[in-house]
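To start, the structure itself, in structure tokens.
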Amino acid sequence: MSETLLLQALRVSKRYGATVALQEASFGLRAGEVHALLGANGSGKSTLAKVVAGAVAPDGGEIRLGGQAVRFRSPLEARAAGIAVVYQELSLVEDLSVQDNLWLGHEPPARFGRVDARAARARTEALLGLFEDVAGPRFAPGTPVGELPPDERQLVEILKAVSLEPRVLVLDEATASLDGRQVDRLFRLVGEWKARGWGIVIVTHRMEEIFRVADRATVLRNGQVVGEVRIGETSREELIGLISGEASRALHSAEAGALAPAWRTSPLLRLRVRRGRKLRELELALYAGEILGLGGLHGQGQSELLLSLFGALPGQDLSLWLEGQPRRFRHPSDAMQAGLAYVPGDRNREGLLAARSILENFLLPSWKSYHRGPLLDLGQARRAALEVGEKLRLKFGALDDRVTSLSGGNAQKVVLGKWLLRAPRVLLLDDPTKGIDVGAKAEFYQLLAELRAQGMGVVFYSSDDDELLSLCDRVLVLLEGRVAAELSHAELTRDRLIRASLGVKEVVSGEP
Amino acid sequence: KTYRIGISNGFVGSEWRTQMLDGIREVVEEYKKAGTNVELVIQSADVDVQGQIQQIRNLINAKVDGIIINPNSQTGLNQVIREATDAGIKVVVVDQEVSAPTAVNVAIDQRAWAKDKMDWLAKALGGKGNVVVINGIDGHPANEAREAGIADSLKNYPNIKVLNTANGDWDHAKAQQVLSSILASQPNIDGIFTQDGMGQGVLRALIAAKPRKMPVVSGEAYVGYMKLWSEIKKSYPDFRSYGLANPPGVGASGLRVVMNLIQGKQLKDGVLKGPYNNTIYVPIPARVDDSTLAKTLADLLAKKKADTYTMDGYLTQAQANAYFK
Amino acid sequence: MTLLRRLLAQPYALALILLILGLVVTALFQPAFFTPRTFANNLRTYLPLILLAVGQTVVVLGGGIDLSLGAILTLSSVVMVQAFGLEPDPGPLRTFGGVALGLLVGTLAGAVNGFCVAYLRLQPIIATFATSFIWGGLALWVLPQPGGNVPTVLQDFVRVYFLVPFSLWAVLTILLAWAWFLGTRWARALYAVGGNPQAAFTSGISVERTRLGAYAAAGLLTGLGAFFLTADIATGDPLIGGPLTLASVVAVVIGGTRLSGGAGGIVGSILGAVAYYLLKNVVALSVFNFNLSPQWQTLIDGTVIVLALAAPGLLRLVRRQP
Amino acid sequence: MTPPANPLPTLLRTPPMIAVGLAVVLLLLGELVRPGFADYGQVTNILRIAAFLGIVAIGQTLVILSGGEGIDLSVGAVVTLGAIVIYRFTGGSDALLLPALLIALGVGFLIGLVNGVGIAWVKIPPLVMTLGMMGVVKGLILVYTGGRPQGATPPVMKSIISDPWILGIPGDVFIWVILGVGVTLLLQRTAYGKALYAIGANRTTARLSGVRVERMLILTYALSGMFSALGGFVLLGYLQNVFINLGDPYTLPTIAAVVVGGTALAGGTGGYAGTMAGALVLTLVSSLLITLGLPEFGRQITYGLILLVLLAVYGRERRLRG
Ligand SMILES: Nc1ncnc2c1ncn2[C@@H]1O[C@H](COP(=O)(O)OP(=O)(O)OP(=O)(O)O)[C@@H](O)[C@H]1O
Ligand SMILES: Nc1ncnc2c1ncn2[C@@H]1O[C@H](COP(=O)(O)OP(=O)(O)OP(=O)(O)O)[C@@H](O)[C@H]1O
Ligand SMILES: [Mg+2]
Ligand SMILES: [Mg+2]
């Protein structure tokens, strides 16, 4: 086979200090194919994507484009060569409009250095049209990107890359914050682009997506390529084995619905919302030892509901009872004191102190309990952090290393682990497995099961339907700020979940 | 008739400026007793050049008869001064000289003032020795004039060697720190020249350095300085110093001049001097040296003057009239 | 009505309100303020700060700040004065050459600041604080003490009227230039770099060049400010610019430009600079109209400025809670 | 992961250590050009002068660590006010010193509190809030003193602050060291310190982890005001004399000291040990420039250049490209 590859990465290496992000990693992309980059957290997928995009300078190795060796000194050069990337961390300017963001850096020119606003407008509308019916009404050229919800921002990010009419399109976990319909649309478009001869690289942790769109996959482990497979000739189990380096293990190990219904007697936490930001009339009851799932399409008020429970969204009209006692949380610290814990969805923006150490990230909510006299007992704090780290099987160098030295999944463990130090009674989780590899997920599920067994109540929002189906004792499906359906474990099926998400009446069993 | 006199004071908050305004008020009272009504319109605040221009425009708009300015820039006010004189208002600039040809400056001769001090220092050293000079702010007109005065004096004393010239920004703290640094690395200093507003910092730096022999200091005529000076004399009986007033009373002198101008009197020929030929140099009213220190200080303390008070004086009416035809 | 509402939605609404307020109170206390001559004179006095504020805005929009603009103004001004020489009419070569040289020096100084911030990646506040010593020191070296002369042609030039005073023309020209600039790719790059440098970088914008350009533009505008100031006061002063630096930052903030970059514009800063002077003047006028002791003026001044700076925040607080 | 083989080199590479190393180099350089520069007397003298800058920079360090473009431009004015309050209130009486000190600290705290409220609640950018506050405090001083700062310094202050305690080292150096240890403990070993770093590193994360961000900000700015007033106390002990611009020259150098000490203006990383070293380096540079006897313009230019070099050594921002 002497077919020239569209894009080739040859023995690319990249180190960050002592960490090897990539070690002589190679892969090749053909025109008209969808190529998946797979690997556990921290295996080097994003870094490889960034090297290809010219956003990261490799320490060694070579990039070939159409057989020619190229050297990109900036994303601009890579772009000029026809490589467009949808980054895992969004690259949008919030104050600029959707249109200005789409064309940022490659505005259609007019005379005297000005931008051809009319041409830009027309092309923007054409591009937005691709997703118009799966996005909200604010998804328009003039809207400042800062005012869009995360999923629509992700769409803008995708369109921004597409607007370049690239030969190579890299999608780095671009589906992570999209809902099912949006993913369907994206994959349909991917099919069209493929047909036009674009080469598409896709990075994802969702197995199901790989089997839907990818033609081939390259698997990375610890910065090295451990295998390249044709999707049509492999199985889910084989892929997972390659990624994790072990034989596939049971993914979902929490045994949902196994507890006796005795706990139904009095709820641990009860919430009644009359009106709030994104929320309408709504009731929720959580029992001790229960995992209560929140389902539905993206942005139906799930995050707002969790934030409200945690006292982090002031100015909502709601009442809340903890063990039957009326409570009012004006600030997360009130909720914290009452035994609640919250794991945010966007760990980089809301969960981590990037500039601080692993230790300080772990102890942030609980420093006050390590006082000895006027000063903190750092030794004791350290021991506590080590203990939790061990329990979570955290992979780290030293407690005093910056938390940014951890890979995504391990960082997520820190975000969760800091609450375990406080032994909360209620755990609020906002899509906690987003961007976490399969191995880490399994560990996380196990942990969840243990916590439930200890009598903790968990409210769990997930964008991954599989998780809701297999983990939750009960699921509330939200639609436009209301509970569209309540599904007990026995009633939970994928079909019902999806129908409820879309507001199809027939299976509704809870009161809206 | 009531004469309205505007005052534009671009910096407040030093005793010096307060004393200047007090002197002006004293002379106003004097005029009142003599049957001439004078009303003051005071614009006084910490402002930059633009702010002071605005102050002066306000005074022009208030239709005053005369304006007394203590300027924040030697040249920046020229345009607005022209606006004032075009409107028929007499403008007198005090303390520092501006280059505006239509204004009359009333000030002490800073160059002569500095020469007088340096002359004294040189003589006190017997015409020879190592000297450190602490100046104010570089590029500031008074500072430049004083540097010229120092140079004038040193021409006559070739054996006086200036070891170091540093800027204390007319700030006691800065002067104290600057001199401390110099003292620590320059062991053989015979004399120190300092402009006013920094003398106390200089003395405190000396006290802290505890030299075997105190250098001679050409200092300032402030009460606080004199107190320290007599203090040092207790442990160093042959310590010598000198204070020459830079009088806030120039404001009051300026009032007399502007009143004369308003009343239509003409300046005698040859009265105006200075680099722009528009300055009346008023005499330096007071000085203090080792022989007069005890009495001067006792008198001032008897009048309950604070440490920040400086020796002062202004033109009498007769002296002022002598400049006019 | 909708026009009013749209006006109030602008980031510079507050500056506009303050400006109108200042004008009204001034009109009450001092009608003479509005005679065409005084008005023109005042505008000319305001012009250097207006230009500095515009320059500061460009830098701030790009995510920086320049604490050396006052020193650059001084440097540029003394360079012009020295280039003019001492004759009242030094001929066109020295006259225009002097102005050009001053502008060039301003631009270069701005570019050096930009280089330090963009390419050396120094933190803007502190880097420009450091360079302010360099520009100030150079100014002292060029012109050790106040003095020098400005050709009469130039003095007359800034005082001419073509129906309206010269300063208004200057401001109008700047506004027109800005309107053109807003339609260019550079404007988008500037706002993007200020709003999210990482995003701008990954979008293929040269963050360094954009920042450098912003600082150089601020230097050029400051050089223009120096020209107007120098022509107005007709001579040079090596210490004149200092206090204008922080005033330019205040004007920018009153004008509704976000100090962290990426949002705002020069219209607000121009209004803000004028409002800043008017407010100070209103305080000065009140002090003598109500016979307050002059000691109070600084305090009232400071308080008024703090309130003006606080107003956008207060407005936001009120708006957010319906 | 392998632990670093030898912990010493990493320790030596921390910003405070680099600064200390620089200080030693500067001292030796001074001794080379001007024999006597590294004498015991001169070293103690430099230490004492660095102590003022260092003490005034305590508040600045806290505020910069708190992030959100935290900065306090009112420190200089509050230093002055603190000194004046003690000067006037005691009128030279030793007995009144303690109450006067408490009042001064209280006043400083209150001023900082207002800064904090403006910044945390009204959301005024710190730079302009504290800049405005600087004006207000200057006004307060004028109104309080009526333009004549009358009073006297209690004699005991001289023995506490100016006179040597042991080995010819003056009291303020000891005070500085004690404060240094105290502040470092406050930052490293208290819940306040941990929360301060947290809000500096990421406010959203801090809030969602139960840190009351607004309260922390208000407290931090209040502490900054209090430490500035304390700086006024120490400065008064050195000068035994007040005047209206006493603290002004310290404002921007405190920021420089913090940055040279390796604390990022972005907040969340750094510490007070670095600031102490930074204050030492800056004082050494000034002192060296004075001793060298350069003309003023040369001194300013050199100071600016050296500051730039110091910033370039380790005050740089992260690269956009990995
Ligand atoms: N700036 C950095 N400093 C130190 N180590 C880093 C840095 N960036 C990445 N790494 C490390 O490099 C390795 C590869 O990281 P990379 O983010 O490329 O993996 P990934 O496959 O994209 O992971 P994920 O699945 O979380 O997206 C990880 O071990 C990570 O901890
Ligand atoms: N262009 C860049 N310039 C500087 N640093 C970068 C750049 N790109 C990435 N980094 C650093 O590398 C770190 C690792 O980022 P990367 O995108 O490889 O994924 P990750 O955060 O490790 O993985 P995930 O997001 O999937 O958990 C980032 O946190 C950032 O500090
Ligand atoms: Mg990744
Ligand atoms: Mg990654």
Side-chain angles (χ1 to χ4, degrees), chain A residues 14 16 18-19 21 47 50-51 54-57 73-75 307 310 312 331-337 341-344 346-357 360-361 363-371 374-378 381 395-398 401-403 405 415 418-419 422, chain D residues 1-5 7 10-11 13-15 64-68 120-121 181-216 262-271 317-322:
Chain A
K14 176 73 189 173
Y16 289 102
T19 319
T47 306
K50 284 180 187 168
V51 168
V56 163
R73 279 188 303 271
S74 73
L307 285 171
F310 200 52
H331 188 275
S333 71
D334 294 340
M336 225 171 83
Q337 238 110 64
Y342 169 76
V343 175
D346 184 340
R347 79 175 157 267
N348 288 320
R349 269 162 60 174
E350 303 175 331
L352 293 174
L353 305 171
R356 305 304 303 171
S357 66
E360 285 188 31
N361 272 279
L363 279 141
L364 181 56
S366 41
W367 279 116
K368 281 186 185 130
S369 26
Y370 294 90
H371 266 297
L375 295 181
L376 296 173
D377 183 347
L378 290 186
K395 255 178 69 184
F396 66 103
D401 288 350
R402 280 201 179 196
V403 76
S405 67
V415 177
K418 68 178 173 188
W419 293 112
R422 290 186 63 90
Chain D
M1 278 237 148
T2 48
T10 35
L11 181 70
R13 265 184 277 123
T14 58
I64 288 177
L65 281 176
S66 79
W121 286 350
V181 172
V183 171
T184 305
L185 283 179
L186 177 76
L187 288 175
Q188 305 297 338
R189 296 287 301 277
T190 66
Y192 166 81
K194 297 297 181 187
L196 184 66
Y197 281 111
I199 65 170
N202 186 336
R203 297 231 166 126
T204 313
T205 299
R207 191 175 94 94
L208 290 176
S209 301
V211 178
R212 303 228 173 214
V213 176
E214 275 90 6
R215 263 189 226 175
M216 279 295 299
T263 296
L265 282 181
T269 47
E317 286 178 348
R318 204 167 57 81
R319 217 178 246 292
L320 285 170
R321 186 162 198 253

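In what follows, chains are A, B, ... by sequence order, proteins preceding strands, each numbered from 1.
- Leu352(A) touches chain D through its backbone: at least one of N, CA, C or O sits under 4.5 Å from a heavy atom, while the side chain does not.
- Ring to ring, Trp419(A) and Phe310(A) are close: their centroids are under 6.0 angstrom apart.
- Heavy atoms of Leu363(A) lying under 4.5 Å from chain D are absent altogether.
- Here Leu353(A) is the residue among Leu307(A), Leu353(A), Asn361(A) with the most heavy-atom pairs under 4.5 Å with chain D.
- Looking only at heavy-atom pairs under 4.5 Å with chain A, the residue among Leu186(D), Leu208(D), Thr190(D), Leu185(D) that has the most is Leu208(D).
- Looking at Asp334(A), the atoms closer than 4.5 Å to chain D (heavy atoms on both sides) sit in the backbone and in the side chain alike.
- Considering only residues two or more places apart in sequence or on other chains, Asp346(A) meets the side-chain hydrogen bond (donor to acceptor under 3.5 Å, both in side chains) condition with none of them.
- The main-chain N or O of Gly270(D) is found under 3.5 Å from a side-chain atom of Tyr197(D) such that the two form a donor-acceptor pair.
- No side-chain donor-acceptor contact under 3.5 Å links Arg356(A) to the backbone of Lys194(D).
- Qualifying side-chain contact (heavy atoms from CB on, under 4.5 Å) partners for Ser357(A), counting only residues two or more places apart in sequence or in other chains: Leu359(A), Glu360(A).
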